[in-house]
Amino acid sequence: MHAASASDLLIWYDRHRRELPWRAQAGERADPYRVWLSEIMLQQTTVQAVKPYFAAFLARFPDVQTLAAAPSEAVMNAWAGLGYYSRARNLHACAQAVVARHGGQFPDTEGALRDLPGIGAYTAAAVAAIAFGRVAAAVDGNVERVMSRLHGLEAPMPAGRGAVAAHTLAIVPADRPGDFAQALMDLGATICTPRKPACALCPWQAPCRARHAGAQESLPRKSPKKERPQRHGVAFVVLRADQAILLRTRPPKGLLGGMAEVPTSAWSAKLDPSQIVQDQPVTASWLTANTPVRHVFTHFPLELTVLCARVPALTEAPESARFTTLAELDNEPLSSLMLKVIEAGLATLGVKRGESQASIDAKEHNG
DNA sequence: CATACGTGGCA
DNA sequence: TTGCCAAGTAT
């Protein structure tokens with residue numbers, strides 16, 4: 001058994017590397033803006049989910065100056081549906097910092113990158129290596145898994161991350177640090193997978209400690225997860241006669257920070273019926289949607305009872321809320337949760353999104 | 001060091 | 001259906 005070498009991995013990578021929209025062609029230097037944008041989007045997010053967002057985001061904000069100058073609502077709108085919205089807020093702040101502090105050029109060292117908003121240890125190393133050819137250990141979930149198995153590391157994550165970083169940094173090749181980082185991630189994503197790893201195809205099968213012990217599926221060890229208590233709430237879908245629905249904007253920080261939502265009650269362990277009347281944004285005759293909206297956040301599942309009502313054309317929005325027409329809804333930064341709620345509410349009211357009141361009237365007339 | 005922070009796909 | 005998981009960061 002020989003030691004794992006970067007060259008064995010790079011030979012495999014040169015033959016099997018994935019083609020991804022944010023990746024440079026073999027042998028070419030990647031654009032730092034694209035590398036950075038993709039790395040932020042890929043945090044805790046699958047390649048498949050990122051692809052369409054990356055393309056749309058790049059078309060809308062082609063460079064760091066454009067992004068820095070954009071209004072925050074536009075950035076949140078472009079991020080809507082991707083999740084972890086503090087990433088979008090920090091992305092915007094980071095673009096502005098790159099323009100203000102670095103003349104519109106991303107800094108080319110791990111340390112300077114680490115000082116920017118939304119860039120932590122992993123992303124700083126990844127951008128430094130991939131975009132600037134710096135020797136750095138970009139330790140993400142893939143690398144934790146690959147290196148834990150390769151060296152038979154038993155320390156549970158994330159406590160064992162330091163040891164993983166040390167093992168990784170020790171074999172980063174000075175001539176191809178960016179390719180090495182991407183090779184490690186490709187290996188973790190396609191061969192050294194969480195379940196049923198394809199060890200027979202692995203360039204590091206010979207030196208792999210876990211494989212020799214038959215323990216590849218039990219590494220890396222992970223700390224036990226916390227329980228996620230169910231929460232309940234009520235959401236109010238208010239449709240005005242001019243086809244506008246009542247929205248408000250959540251506070252900038254915290255859950256779904258800066259995103260638009262329909263008014264809701266507080267989300268608590270038990271649903272208190274007396275809160276419903278108290279929390280209603282306008283006085284109205286409420287219709288309850290047939291089925292509640294269920295949504296699972298990282299740290300709790302949520303069940304929202306959807307109450308809907310039609311209100312007259314001259315109804316004014318209450319303090320800190322606004323009416324937005326259905327035609328303009330695409331411009332709002334609506335989370336996936338709120339899209340579900342709005343769809344359920346409109347369906348209960350007999351309205352399909354994109355369908356005008358005139359066409360509904362015509363349908364009723366014909367039916 | 002532990003916890004908050006989204007979403008969709010898959011077994 | 002339920003639980004796990006995916007290129008982490010901020011506090």
Side-chain angles (χ1 to χ4, degrees), chain A residues 18 20-23 34-54 76 79-91 93-94 113-127 129-131 136-146 155-162 164-165 168 178 181-190 192-196 217 220 222-231 250-259 261 267 293-302 333-340:
Chain A
R18 292 177 292 174
L20 298 170
W22 42 87
R23 252 180 205 177
R34 294 180 182 224
V35 173
W36 163 72
L37 175 61
S38 69
E39 290 298 343
I40 303 297
M41 285 189 167
L42 286 161
Q43 290 168 4
Q44 299 293 286
T45 308
T46 58
V47 165
Q48 178 172 347
V50 165
K51 278 180 177 174
Y53 280 85
F54 180 79
M76 300 311 290
W79 204 271
L82 242 201
Y84 285 147
Y85 298 101
S86 67
R87 291 184 295 174
R89 214 166 43 246
N90 286 329
L91 185 88
C94 183
L113 287 161
R114 179 67 183 78
D115 288 336
L116 292 166
I119 297 186
Y122 162 76
T123 304
V127 174
I130 297 169
V139 179
D140 68 343
N142 288 304
V143 178
E144 284 181 357
R145 187 168 59 253
V146 169
M157 298 298 147
R161 180 169 274 226
V164 168
T168 305
Q182 294 173 94
L184 227 30
M185 290 188 272
D186 275 15
L187 187 70
T190 64
C192 195
T193 49
R195 284 162 301 196
K196 310 242 184 246
E217 294 215 53
K222 300 239 174 145
S223 310
K225 304 169 195 8
K226 246 188 70 175
E227 286 198 21
R228 307 182 304 173
Q230 174 88 44
R231 292 191 206 175
R250 293 178 64 90
K253 295 191 175 182
L255 187 68
L256 304 174
M259 300 296 283
E261 67 175 4
W267 305 345
V293 166
R294 295 174 198 284
H295 191 78
V296 182
F297 292 104
T298 304
H299 48 306
F300 66 93
L302 175 68
L334 291 164
S335 65
S336 294
L337 167 64
M338 282 303 142
L339 289 178
K340 286 189 208 172

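The residue A/Thr123 sits close only to the backbone: its heavy atoms come under 4.0 Å of sugar-phosphate atoms, none of a base. Across all strands shown, A/Pro158 has no heavy atoms under 4.0 Å from either base or sugar-phosphate atoms. Among the heavy atoms of the strands lying under 4.0 Å from A/Leu20 is at least one base atom, whether or not backbone atoms are also near. If you check every strand for non-hydrogen atoms under 4.0 Å, A/Ile119 touches sugar and phosphate atoms only. Residue A/Trp79 is out of contact with every strand shown, counting any heavy-atom pair closer than 4.0 Å. Residue A/Val47 is in base contact, counting any heavy-atom pair closer than 4.0 Å across all strands shown. A/Ala121 comes within 4.0 angstrom of the backbone, heavy atoms only, and of no base.
Rounded to an integer number of Å, the gap from CE of A/Met41 to C1' of B/dC5 is 17 Å. A straight line from CG of A/Leu302 to P of B/dT7 spans 11 Å, rounded to a whole angstrom.
Taking the side chain as every heavy atom from C-beta outward, A/Trp79 and A/Leu91 approach each other to under 4.5 Å.
For the OP1/OP2 pair of B/dC5 and a distance below 4.0 Å, the side-chain nitrogens and oxygens of A/His299 include at least one atom meeting the criterion. Phosphate proximity of B/dT7 to A/Tyr85: present, with a side-chain N or O under 4.0 Å from OP1 or OP2.
Every residue two or more places apart in sequence or in another chain that forms a side chain to side chain donor-acceptor pair (under 3.5 Å) with A/Arg18 is listed here: A/Asp186. Residues passing the ring-ring contact (aromatic ring centres under 6.0 Å, His included) test with A/Tyr84: none are found, sequence neighbours excluded.
Between the side chains of A/Gln182 and A/Arg23, a donor-acceptor pair is found at a separation under 3.5 Å.
In this structure, A/Leu116 and A/Thr193 both approach DNA chain C, and ranking their closest nucleotides by distance from the 5' end singles out A/Thr193.
Spacing between B/dC5 and C/dA6 at atom P, rounded to whole Å, works out to 22 Å. Separation of the P atoms belonging to C/dA7 and B/dC10 is 15 Å when rounded to the nearest angstrom.
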Protein-nucleotides 8-11 of chain B N/O pairs under 3.5 Å:
{"unit_1": "B/dG8", "atom_1": "OP1", "unit_2": "A/Ser336", "atom_2": "OG", "d": "3.2"}

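Contacts between residues 223-230 of chain A and DNA chain B, defined by a heavy-atom separation below 4.0 Å, involve A/Lys226, listed by number.
Of all nucleotides in DNA chain C having an atom under 4.0 Å from a heavy atom of chain A, the first and last in 5' to 3' order are C/dC5 to C/dA10.
Residues in residues 34-49 of chain A take part in these salt bridge (Lys or Arg N to Asp or Glu O under 4.0 Å) pairs, two or more places apart or across chains: A/Asp31-A/Arg34.
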